Amino acid sequence: HVQLVESGGGSVQTGGSLRLSCVVSGHTYSDYCMGWFRQAPGKEREGIAAIERDGKTSYVDSVKGRFTISRDNAKNTVYLQMNDLKLEDTAMYYCAARPEGASGWVLDSENYSYWGQGTQVTVS
C-alpha cells in the first residue's frame, strides 16, 4: 500500500556531492518517520540519517557534518544531501518509512516497515 521510490544516485569523485530523493505514495506521508540506510558489499545495513514528523533529525557519527536529511511535506518527499563524499560512502542507499506508533531507535532498520528499491552511490 505504501511505495517509496529513490533517485539521485550515481558515481562521484571523492570530495564531491550528491542529492538523493525519495518520493512516498500510498499513504499519508506526514504520518511517517523517514530514514536513510546504506549497505556496502560485505557489510551490514546501517542507518545513517532519520527525520521525524516534527522535523527532528538524527545522524550516525560517520556522516555528521557532511550529510543532511530534510523533508518537503507538500511534495511527500524526503532528501539526503551528501557532501564531501569519501570512498567509504560507497554503498546501496535505501529510503525507509516508519509508521506512526512505532517506537525504538530511529536508526535501527528493524523499526521500519516500508522500503524503497535502493539507489547506488559509488565514490572513487
Side-chain angles (χ1 to χ4, degrees):
H1 192 256
V2 177
Q3 182 173 254
L4 289 73
V5 179
E6 304 103 325
S7 62
S11 298
V12 65
Q13 293 185 334
T14 56
S17 299
L18 286 173
R19 189 193 195 197
L20 307 183
S21 299
C22 174
V23 179
V24 182
S25 62
H27 196 69
T28 305
Y29 168 84
S30 60
D31 288 343
Y32 294 88
C33 172
M34 302 297 300
W36 285 98
F37 299 79
R38 68 186 181 187
Q39 187 167 22
K43 296 184 178 180
E44 292 287 318
R45 180 174 295 185
E46 65 171 344
I48 55 173
I51 184 166
E52 301 176 42
R53 294 173 62 192
D54 62 359
K56 182 178 184 296
T57 58
S58 301
Y59 300 93
V60 68
D61 286 344
S62 61
V63 308
K64 286 181 178 178
R66 300 189 298 120
F67 291 11
T68 302
I69 188 171
S70 62
R71 65 194 302 167
D72 185 337
N73 290 343
K75 296 181 178 180
N76 285 2
T77 302
V78 62
Y79 304 95
L80 184 68
Q81 178 67 47
M82 305 186 294
N83 297 327
D84 191 25
L85 285 161
K86 303 176 179 180
L87 293 177
E88 54 264 40
D89 294 320
T90 295
M92 184 73 74
Y93 283 70
Y94 299 90
C95 177
R98 188 174 74 170
E100 181 181 8
S103 61
W105 184 33
V106 294
L107 297 182
D108 184 350
S109 63
E110 293 186 4
N111 295 323
Y112 288 77
S113 297
Y114 307 105
W115 295 82
Q117 81 289 347
T119 185
Q120 178 68 37
V121 173
T122 302
V123 185
S124 62

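Keep in mind that this is a model prediction, so the values were computed, not measured. FYI, the numbering just counts along the sequence from 1.
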Original post:
If you round to the nearest 0.5 Å, how far is CG of N73 from OH of Y32?
Top reply: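 The distance works out to 13.5 Å.
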
**OP:** To the nearest 0.5 Å, tell me how far N111 CG sits from W105 CH2.
**Re:**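 So the gap between those two atoms works out to 9.5 Å.
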
Whether [X] side chain and [Y] backbone form a donor-acceptor pair below 3.5 Å:
| X | Y | answer |
| --- | --- | --- |
| R66 | D84 | yes |
| E6 | G118 | yes |
| Q39 | E44 | no |
| R71 | E52 | yes |
| R45 | Y94 | no |

For [X], give me all partners under salt bridge (Lys or Arg N to Asp or Glu O under 4.0 Å), at least two apart in sequence or on another chain.
| X | value |
| --- | --- |
| K64 | D61 |
| E88 | none |
| D54 | none |

Original post:
Taking only residues two or more places apart in sequence, or in another chain, which ones meet L18 in a side chain to side chain contact (heavy atoms under 4.5 Å, CB included)?
Top reply: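 Here the qualifying residues are V12, M82, L85, V121.
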
Original post:
Sequence neighbours excluded, which residues qualify as ring-ring contact (aromatic ring centres under 6.0 Å, His included) partners of F37?
Top reply: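 By the ring-ring contact (aromatic ring centres under 6.0 Å, His included) rule, F37 matches Y112, W115.
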
**OP:** Kindly state each residue pair satisfying side-chain hydrogen bond (donor to acceptor under 3.5 Å, both in side chains) with at least one member in residues 9-24, sequence neighbours excluded.
**Re:**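 Sorted pair list: S17-N83.
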
**OP:** Give the minimum heavy-atom separation between P99 and A97, together with the two atoms involved.
**Re:**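 Looks like CD-O, 3.9 Å.
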
Subject >> Partner of Y59 by side chain to side chain contact (heavy atoms under 4.5 Å, CB included), out of T68, I48, L107 >> reply: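 Among the candidates, only T68 passes.
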
